[in-house]
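For reference, the structure is listed below as structure tokens.
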Amino acid sequence: MRGIGALALAGAASTALVLAGGVPAMAADTPVQFEIGAGTLTISAPTALVDFGTVAAGTTSVGGLLGPVVVTDNAGGATAWIATVSSTAFVNGASSIPASDITYTPGTASTTGGVTLATPVPGTLGVALIAQQTTAVTGTNTATWNPNLTVAIPVGVVTGVYAATVTHSVA
């Protein structure tokens with residue numbers, strides 16, 4: 001019996017040594033890692049027809065909001081991005097209104113994540129226009145804005161339905 005008691009006492013002493021910060025007789029280390037891969041940079045805009053309604057002949061302009069445009073930056077880095085916008089001419093088959101007569105007003109974007117945007121500047125869509133651009137980026141982020149489009153209607157265009165396509169892109 002005495003041998004079992006001495007053995008139990010020795011076991012309790014070694015347990016106390018480990019609990020008190022002692023080093024166990026055996027150890028096994030397992031390295032662990034993971035990777036965060038770069039995501040994508042995307043842009044979305046309304047795909048449904050935006051109808052500015054009917055105006056009377058002789059009206060000088062028409063326009064309205066396009067709906068939310070969203071840049072989603074899941075690249076996870078610090079790379080700046082620029083969103084641009086362009087448009088085709090408004091045509092109805094017999095007459096057209098050039099893209100240079102279309103004014104795009106981005107408005108202020110709401111953002112999430114690590115992004116700071118420059119103050120957007122309205123402009124005409126005769127050439128690609130910067131809609132929004134970053135001044136600082138850290139990690140993932142989003143920017144959402146609802147641009148206003150104003151079409152100057154030139155004298156001499158004929159009546160009818162005019163249609164164009166507005167294209168947003170990001171790089």
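We use all heavy atoms of the structure for the numbers below, so side chains are in, but hydrogens, waters and symmetry mates are not.
- Taking each heavy atom of Ala109 and Ala143 in turn, the nearest pair found is CB-CB, 4.4 Å.
- With hydrogens and angles left out, the side-chain atoms of Thr84 and Ser169 include a donor and acceptor closer than 3.5 Å.
- There is a path of hydrophobic side-chain contacts, each under 4.5 Å, that joins Ile97 to Val158.
- Distance alone, capped at 3.5 Å, places no donor-acceptor pair between the Thr124 side chain and the Asp101 backbone.
- Closest of all the heavy-atom pairs between Val157 and Ser96 is CG1-O, 4.1 Å.
- Judged by distance alone, the side chains of Thr142 and Thr112 do bring a donor and an acceptor atom under 3.5 Å apart.
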**Request:** Would you check, one step at a time, whether the test side-chain contact (heavy atoms from CB on, under 4.5 Å) holds for Val170 with Gln133?
**Result:** CA-CA 9 Å; Val170 66; Gln133 74 180 40; over 6 Å; no
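- Between Phe52 and Leu65 the shortest heavy-atom distance is CE2-O, 4.1 Å.
- Of all heavy-atom pairs between Trp81 and Gln132, the closest is CZ3-O, 4.0 Å.
- Residues Ile82 and Tyr104 do not share a hydrophobic cluster, clusters being chains of Ile/Leu/Val/Met/Phe/Trp/Tyr side chains in contact below 4.5 Å.
- For the pair Phe90 and Ile102, the minimum side-chain heavy-atom distance is below 4.5 Å.
- Put simply, Ile36 and Val137 are part of two different groups of oily side chains (I, L, V, M, F, W, Y) that touch within less than 4.5 Å, one to the next.
- In terms of hydrophobic clustering, with Ile, Leu, Val, Met, Phe, Trp and Tyr side chains grouped at heavy-atom distances under 4.5 Å, Ile130 and Val71 are assigned to different clusters.
- Here the options are Asn74, Thr116, Thr72, Asp73, the test is side-chain hydrogen bond (donor to acceptor under 3.5 Å, both in side chains), and the partner is Asn141; only Asp73 passes.
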**Prompt:** Yes or no on side-chain contact (heavy atoms from CB on, under 4.5 Å) for Val70 and Ser44, after CA distance, side-chain angles and deciding distance?
**Reply:** CA-CA 5 Å; Val70 181; Ser44 63; 3.7 Å; yes
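- Contact of the Leu66 side chain with the Asn148 side chain is not registered, since no non-hydrogen atoms from C-beta on lie closer than 4.5 Å.
- Both Val69 and Leu41 sit in one connected hydrophobic cluster of ILVMFWY residues. Membership requires side-chain heavy atoms under 4.5 Å apart, directly or through other members.
- The shortest heavy-atom contact between Ser87 and Ala99 is O-CB, 3.4 Å.
- Of all non-hydrogen atoms in Gly107 and Trp145, the two that sit nearest each other are O-CB, 4.5 Å.
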**Request:** Verify side-chain contact (heavy atoms from CB on, under 4.5 Å) between Thr105 and Thr150, making sure each step is shown before the conclusion.
**Result:** CA-CA 8 Å; Thr105 305; Thr150 303; 5.6 Å; no
**Message:** Walk me through whether Leu149 and Val166 qualify under side-chain contact (heavy atoms from CB on, under 4.5 Å).
**Reply:** CA-CA 10 Å; Leu149 212 63; Val166 175; 3.8 Å; yes
